[in-house]
Amino acid sequence: MEAANPPARDIRRHLPGLLLLLAAVVAPWFMSGNWINILILSLLFVFLCVAWNIVGGLTGEFCIGHSLFLAAGAYTSTLLYIHLGVSPWIGMFAGGAIAAAIGMFIAWLSFRYALPHLSFALVTIALAMLGYLAISSIDFLGASRGLTLPVRGSAWYYHFRSDLAFYYIILAHAVAAVLLTMWLYRSKAGLYFRTIRDNERAALAIGVPSLRYKMLAMAISAFMTALAGVFYAQFLLYVEPKTFAGLTIVIEIILFTVVGGTGTVWGPVLGPLLLVPLGEVLRAELGGTAPGLHLFVYGLLLIAVIRFMPGGLMAALSKLGALRVRPSSAKEA
Amino acid sequence: MPQSNLAGGSSVPLLRAENIDVQFGGLKAVDDVSLDVAAGEIVGLIGPNGAGKTTLFQAISGFVKPNRGTVWFDGARIDGLGPVEICRAGLARTFQIVEVFPTLTVAETLTAAALFRVKMAEAKKVAAEVAHLVGLGAKQHVLCRHLTLPDQKALEVGKAIATRPRMILLDEVMAGLRPSEVTTVMALIRSLRDKGITFLLVEHLMEVVMTISDRVVVLGSGRKIAEGRPEEVAANQQVIDIYLGEDLTRA
């Protein structure tokens with residue numbers, strides 16, 4: 001399919017992505033400290049949204065339990081670091097493995113009994129809230145006070161004096177995640193994910209073992225989300241339940257992804273890149289007079305997107321692109 | 001023409017369903033039905049609406065667990081297996097109401113169907129071959145949701161073929177097609193049979209069933225009421241009673 005494309009067309013196809021990457025690489029050189037922080041947060045959400053999109057978009061399973069995975073990553077690496085002195089660079093794989101195991105268990109539990117979509121969403125919310133309550137009350141995990149990370153001040157311990165280093169680390173995460181999705185999209189697993197999303201009965205009838213692939217999608221997505229948790233913990237040097245195990249961050253992830261375009265490669269990139277800075281600016285400008293206004297704006301945007309471009313920004317863009325590139329679209333039969 | 005040794009059922013059948021019961025609440029949708037299909041045969045399954053044809057398909061293909069009875073395919077027991085295992089064992093099916101993947105292209109759909117047997121590169125080749133075979137060669141990059149109904153029906157058959165099955169259960173693939181399209185599909189089924197694929201098909205169009213089938217099995221109210229060559233079945237008084245008013249000999 002794609003292999004038939006001449007290289008020149010391939011380059012043109014990837015040009016917007018490459019330009020975006022170039023912009024991301026040079027952006028911090030033109031920015032002040034506060035804006036770098038906003039960009040770091042934006043890229044963290046890009047990474048989170050791309051990770052969520054593998055389950056929520058590609059496979060079509062509306063998981064609201066991703067705070068569990070974020071917490072699993074953050075808490076595992078932090079505890080290993082505090083108590084055993086293990087570098088978070090190593091701890092992040094432990095956190096990722098635990099998150100992947102939790103994710104696979106949730107998928108297995110929900111789908112072996114063929115729960116319908118809505119029930120799956122509710123089960124994952126319930127588990128996320130249980131996780132939040134558990135973390136908030138277990139003393140070893142710092143309870144609601146949280147855990148403060150000791151500063152060892154070296155790159156080996158995932159600690160950097162300059163925000164620039166954190167910026168490039170999360171940029172690398174985000175780029176790797178996008179490349180993974182692009183590869184996944186055309187791979188056997190990705191094709192299977194999409195058949196499950198589109199029509200599970202038909203997927204079963206062509207020999208797609210849907211339970212196994214739903215578990216795989218959850219494992220990949222949970223692992224990545226845990227890595228985001230480790231990054232965020234190292235960046236803040238502080239882990240506490242509200243930020244890492246609360247539902248707010250999951251709702252933001254889903255909102256950004258839906259606005260950008262669920263199930264597409266670039267939707268979960270565009271959504272947070274536009275909305276996180278917007279939210280931060282609103283918070284900075286109006287935080288004193290109208291706190292929480294950014295949430296209101298998010299809500300309005302979500303309604304507007306669902307009403308006027310149900311496929312998200314990406315669907316709207318590709319429609320424009322289709323009009324421009326192929327006036328006599330070959331897609332219609 | 002049916003080979004006599006196949007129609008006679010002397011050899012071990014490819015598919016054997018024995019004493020199948022499927023019960024939905026108080027209703028016995030399939031009641032003690034037994035059925036053999038020999039390798040290379042085309043067997044038609046007919047009966048009025050609600051006779052249990054689709055339910056029997058569901059039971060054989062693993063989408064519904066039979067309450068009683070056994071199903072053998074290719075020498076192995078398959079009742080109790082799920083649809084995925086049964087498909088992978090070489091028994092594919094189509095759906096009465098087309099089940100496409102709206103956001104996948106024709107090529108992607110057929111590739112996905114071929115992928116459990118072969119690697120990606122090979123699966124893409126299989127997909128292209130099958131697309132041409134079912135008349136979708138020019139529409140490989142069209143999204144399934146943009147296909148016309150006849151094309152979706154063709155894709156339904158294509159999906160089954162791409163899994164490289166030994167046998168296909170066809171559930172009313174010709175309903176809603178124009179006569180010329182029906183002729184095309186019938187020719188396709190015959191050519192696939194010549195390549196060694198066995199068929200069990202449910203079809204409402206009596207002329208189609210009577211023309212294409214080596215043998216016909218008739219269900220009524222969940223029970224098997226007749227079985228035999230098309231012309232024998234058409235002369236069966238019980239069958240005539242069920243299809244009162246339809247001229248079965250027209251074919």
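Owing to the predicted nature of the structure, the values given are computational and were not obtained by experimental measurement. Convention: sequence-line order gives letters A, B, ...; per-chain numbering from 1.
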What residue, out of B:A162, B:P83, B:A92, B:P102, has the most heavy-atom pairs lying under 4.5 Å from chain A?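 The residue among B:A162, B:P83, B:A92, B:P102 with the greatest pair count is B:P102.
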Segment of [X] engaging chain A (4.5 angstrom heavy-atom cut-off):
| X | value |
| --- | --- |
| B:V100 | backbone |
| B:A113 | both |
| B:F95 | side chain |

Just by distance, no angles: are the side chains of B:T103 and A:R197 close enough, under 3.5 Å, to form a donor-acceptor pair? yes
With distance as the sole criterion, is a donor-acceptor pair present between the side chains of B:S34 and B:E18 under 3.5 Å? no
Thinking salt bridges, do B:R77 and B:D79 make one under a 4.0 Å N-O criterion? yes
Can a salt bridge be assigned to the pair B:R193 and B:E41 using a cut-off of 4.0 Å between side-chain N and carboxylate O?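 Between B:E41 and B:R193 there is no salt bridge, as every charged N stays at least 4.0 Å from the carboxylate O atoms.
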